[in-house]
Amino acid sequence: MITLISSDKRKFHVLEEVANQSLTIRDVIEDRRGRRRADRIILVTNINSKIPEKVIVYWLRHFLMPEEIAHASMSHKKAEKLKKWEAKFFDTDIDTLNDLILAADSLDIPSLFDGACEKVSDILKNRSAEEVGEISKIENEFTHEEEEEEIPSENAWVWRNEFA
Amino acid sequence: MEVIINKKKTRSENSDRISNLPDSLLIDILALLDPRDAAQTCILSKRWYNLWAFVPSLSFDMEKFKGKADNFNNFVSSFLRLRDKASDVHKFALRYAVPLDTKFSDLVIWAWIMYASEHKVKNLVVHLFGWPCHFLSNKSRFHCDTLENLHLCGIVLMEADDLCLPKLKTLSLIDVTAHGESIQKLLSGCPALITLIMCYSTMYTSSISFGSIKSLTIECCTLGGSLISRLLVLNLEFVEGKGARVITFNNMFRVTKAINRGAW
């Protein structure tokens, strides 16, 4: 058993085989093999408890259905089911996705990272700059002149014939 | 005890959360977008102004430009010209509708492929449709040390073509017409090739030697328009022939049957 501790001091007990899906955790465990039990506690400090919960749910789902098996022998129906489950899993607000990306990056969980990034890019896809700015609350610090004239004329190639 | 993640973060409602991600992660996200959507993020803010220029994975699809060739050509050329010169291109994918126009020159496509090649491309997808087009244009030499996966679709290979791809591992030829001994020359220019996939292709050749290939898939191909006489296979571990759809001639027939039995 591995214990993960989130920033709000909540503890999460996870089977080692399940947590091994994080390459970072796997390396840490590998480094400390044979040492005291206290070393099996891992702090994930900037992540609030909502995220480890989600990550562990994701781990469990994938632990029950590892990807290699998923591709080789999984029936079409089961693959569809997993896809549907993933779609539902990633269907959250951009804040949560943001946290998931950070967590997946630092814990090194490639499939979770790819899935979350893809979802964010789907959200941004085919939207105008104003919409993207609004969704992700990016503060636009360009001056009025820059926004109205300089940038559009410098980057006209990006927009040219957009609506033609 | 170990602290994996250490950065402190302030959290408030309605704050710009996406910009909290480091540049490298934002670039990963931009890489999943269509290049035009990615480039348009330059208007968002000063930090985003140049982010798109570092995206390492580029997929240009002419269909997104509703078939307007000039717009598409201008866009791709500008994108590559204004891109950060020092960042590599890991993946370059191009879907291009070749017009039936005597004035059309495939040099423009060639220039883009050369750009990718100069920026250490690992995965290259060239998908041409519309009108058959000679991949290598007037230049017949293509040398790329970094390329690992090459996917060619709708392309004509000529015997004079000289491809040297020492690191290539996977080659897919879909709807490719290879004249003369070009297919044999292509394979001999790829000494590290492991996987070869040929679908809906026509190969005019007298012999194919598969060398180091370990996995071979042939589907709906016409091999040996000039009567293939010898099919030399070494080190082959895995052959996949789909049904009886492999169309072959003369001596090839024996091999086809072997493929279908799965006993090669």
Side-chain angles (χ1 to χ4, degrees), chain A residues 4-5 7 22 24-25 28 31-32 38-39 41-48 93-95 97-99 101-103 105-107 113-114 116-118 120-122 124-130 132-133 135-142 146-147 151-152 154-162 164, chain B residues 1-22 24-53 55 64-66 68 70-82:
Chain A
L4 303 178
I5 301 179
S7 57
S22 151
T24 312
I25 291 183
V28 169
D31 277 354
R32 301 176 182 172
D39 285 335
I41 295 169
I42 297 172
L43 273 183
V44 278
T45 42
N46 83 328
I47 301 180
N48 65 337
D93 55 304
I94 204 154
D95 284 7
L97 284 169
N98 200 70
D99 285 336
I101 290 173
L102 274 175
D105 183 51
S106 53
L107 293 173
F113 180 73
D114 290 346
C117 283
E118 222 170 305
V120 175
S121 72
D122 280 346
L124 302 182
K125 215 168 260 180
N126 296 325
R127 292 192 191 263
S128 70
E130 291 80 18
V132 172
I135 292 164
S136 44
K137 290 155 196 121
I138 294 170
E139 202 183 320
N140 180 349
E141 77 278 75
F142 287 125
E146 276 177 330
E147 188 170 11
I151 294 167
E154 274 170 36
N155 300 286
W157 61 278
V158 176
W159 279 276
R160 192 174 298 145
N161 303 314
E162 169 84 292
Chain B
M1 288 237 217
E2 180 143 344
V3 177
I4 293 178
I5 307 147
N6 239 334
K7 276 175 265 164
K8 277 249 148 58
K9 222 169 33 175
T10 49
R11 201 191 164 90
S12 65
E13 287 303 310
N14 294 329
S15 65
D16 172 9
R17 303 273 289 124
I18 199 166
S19 294
N20 280 336
L21 295 173
S24 61
L25 299 190
L26 289 176
I27 290 167
D28 278 338
I29 293 170
L30 289 181
L32 296 163
L33 287 171
D34 182 70
R36 186 153 61 164
D37 286 338
Q40 286 181 0
T41 59
C42 70
I43 196 96
L44 290 177
S45 78
K46 280 181 180 149
R47 181 175 173 214
W48 287 76
Y49 189 65
N50 253 333
L51 269 183
W52 65 271
V55 171
K64 297 246 165 72
F65 286 73
K66 301 188 181 82
K68 294 204 164 98
D70 287 345
N71 295 356
F72 181 73
N73 292 352
N74 284 339
F75 176 78
V76 179
S77 299
S78 307
F79 192 103
L80 297 182
R81 184 162 41 82
L82 297 168

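- For A/Asp114, the salt bridge (charged side-chain N to carboxylate O under 4.0 Å, His left out) test picks out no residue, with sequence neighbours left out.
- The candidate from A/Ser121, A/Ala116, A/Cys117 with the greatest count of non-hydrogen atom pairs under 4.5 Å with chain B is A/Ser121.
- Put simply, CG on B/Leu21 and CG on A/Leu102 are 5.0 Å apart, with the number rounded to the nearest 0.5 Å.
- Contacts of B/Leu82 with chain A are made by side-chain atoms alone, with heavy-atom separations under 4.5 Å and no backbone atom involved.
- Under the 4.5 Å side-chain criterion, counting only non-hydrogen atoms from C-beta, B/Leu33 is in contact with A/Lys125.
- Across B/Ser24, B/Ser45, B/Ala31, B/Ala39, the residue that shares the most heavy-atom pairs under 4.5 angstrom with chain A is B/Ser45.
- Between A/Asp122 and B/Leu32 the shortest side-chain heavy-atom distance does not fall below 4.5 Å.
- The CG atom of B/Asp28 sits 9.0 Å away from the CD1 atom of A/Ile101 when rounded to the nearest 0.5 Å.
- Heavy atoms closer than 4.5 Å to chain A are found in both the backbone and the side chain of B/Phe79.
- Not a single ring-ring contact (aromatic ring centres under 6.0 Å, His included) links A/Phe113 to another residue, sequence neighbours left out.
- The shortest non-hydrogen separation linking A/Arg127 to B/Gln40 is O-OE1, 4.5 Å.
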